[in-house]
Amino acid sequence: MKKYIFTIISILLFISCETTSTKKEPPKRAPNSFAIVIHGGAGGIKRKYINKEQQKAYTQKLEEALNAGYTILENGGISLDAIQAAINIMEDSPLFNAGKGAVYNSEGNQEMDAAIMDGKTLNAGAVAGVNHIKNPILAARIVMDSSKHVLLSGKGAEIMAKKYGIEMVDSSYFFTEKRLNQLRKIQGKEEIQLDHTAFLIKNELIDDHKYGTVGAVAIDKNGNIAAGTSTGGMTNKKYGRIGDVPIIGAGTYANNLTCGISATGTGEYFIRTVAAHEVSSLMYYKNATAKEALHEVLFNQIGPLGGRGGMILIDKNGDVSWDFNSTGMFRGYKKSDGDSKIEIFEKTE
Ligand code: ASP
């Protein structure tokens, strides 16, 4: 009798394992197809805050970044190089909160974080709290490619970047009047509750509509996925504060078995929910679609805690998704099948 029960249990276990493994299906991707998706930050982005001229400037810069990455992919380049090129362009633009134009901390300084991850090898590199590296994403790549570490902070990260010939600048390079004014509005105030979209001063809701972290995810012709993110963090953050961006699995994650993700929003909540990795895990273990996984993490996990923001994603099939629980998110994608889109405000689908 015992023998029969054991055999039946073994058969059931086998069937359940089989069912699970067929869920983790191989990619269904058109041969040689590729795609790139980018974001320029999420937040209280409403039409009334951004005039037509500014909309045009943002759209043009997003398009330039998308095209830079797309061209690399089209020419057979790898996804890591594509996202790096796209992020470089947004870091160099004062429109975004990364590189030039990064926001200021409570001491009036800029401290930047960046991360990059290779979905094929699960190698990753990140830098935190740097303010002399012109393009922090390049330094993150150096950490990934040329060190045994994943995350270097402050001076150590800068020494490494310099050693590998990354362009260094005086911290004044990152200055913009706009970001300094944002800081002046809230610096030194008590009872400040920072939010990506708005903050409270003495219980009065100030709509600060600050945004601008940048990120990119790409899949290349070989089906390899990469993700990267770069940011100045949040205005009036404490000196030494590190956000979700350089924390692998929180703001940045890539895994060829599931997807690549770059996040933007109130970083602390993305760290606490290990947001990007959570999305990937829901897809891997629960067979959730990208759309379902993004919704679950943004609306059922981050939202109820008080976090705001969004995520962009490319899955192993080369499909692009995004979602956000903030008012808007600068975003765009371009795929080898000719499909492309750039959007700023509320969701259209
Ligand atoms: N997630 C970034 C941080 O908390 C900020 C942002 O996305 O705007 O550092």
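In listed order, ligands and their atoms are each counted from 1.
Of the charged side-chain nitrogens involved, at least one lies within less than 4.0 Å of a carboxylate oxygen, so that Glu268 and Arg241 count as a salt-bridged pair.
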Run the side-chain donor-acceptor check on residues 110-118: report pairs under 3.5 Å with partners two or more places apart or on a different chain.
unit_1: Gln110; atom_1: NE2; unit_2: Ala102; atom_2: O; d: 3.0
unit_1: Gln110; atom_1: NE2; unit_2: Phe174; atom_2: O; d: 2.8
unit_1: Glu111; atom_1: OE1; unit_2: Asn105; atom_2: ND2; d: 3.1
unit_1: Glu111; atom_1: OE1; unit_2: Gly240; atom_2: N; d: 3.2
unit_1: Asp113; atom_1: OD1; unit_2: Gly129; atom_2: N; d: 3.0
unit_1: Asp113; atom_1: OD2; unit_2: Gly243; atom_2: N; d: 3.2
unit_1: Asp118; atom_1: OD1; unit_2: Lys120; atom_2: N; d: 3.0
unit_1: Asp118; atom_1: OD2; unit_2: Thr121; atom_2: OG1; d: 3.0

Assess the residue pair Arg47 and Glu346 against the criterion (salt bridge (charged side-chain N to carboxylate O under 4.0 Å, His left out)); give the C-alpha distance rounded to whole Å, side-chain angles, the decisive distance to 0.1 Å, and a yes or no. CA-CA 9 Å; Arg47 286 173 207 276; Glu346 65 277 358; 2.9 Å; yes
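When the heavy-atom distances from atom 3 (C) of ligand 1 to Asp244, Thr231, Val245 are ranked, the shortest goes to Asp244. Among Gly41, Gly309, Ala128, Gly265, the residue whose heavy atom lies nearest to atom 5 (C) of ligand 1 is Gly265. For atom 9 (O) of ligand 1, the candidate residues are Arg241, Glu268, Met234; the nearest heavy-atom contact is made by Arg241.
Among the candidates Val217, Asp323, Leu298, the single residue satisfying the side-chain contact (heavy atoms from CB on, under 4.5 Å) test with Met311 is Leu298.
Heavy-atom proximity to Gly233, at under 4.0 Å, picks out these atoms of ligand 1: 5 (C), 9 (O). The distance from ligand 1 to the heavy atoms of Thr264 drops below 4.0 Å at these ligand atoms: 6 (C), 7 (O), 8 (O). Atom numbering of ligand 1 starts at 1 in the shown order; those under 4.0 Å from a heavy atom of Thr213 are 2 (C), 5 (C), 6 (C), 7 (O), 8 (O).
At most 12 heavy atoms of other shown residues, nucleotides or ligands fall within 6.0 angstrom of atom OH in Tyr239.
Some N or O of Gly267 is nearer than 3.5 Å to an N or O of ligand 1, by distance alone.
For His39 and Phe330, the ring centers are positioned 6.0 Å apart or more.
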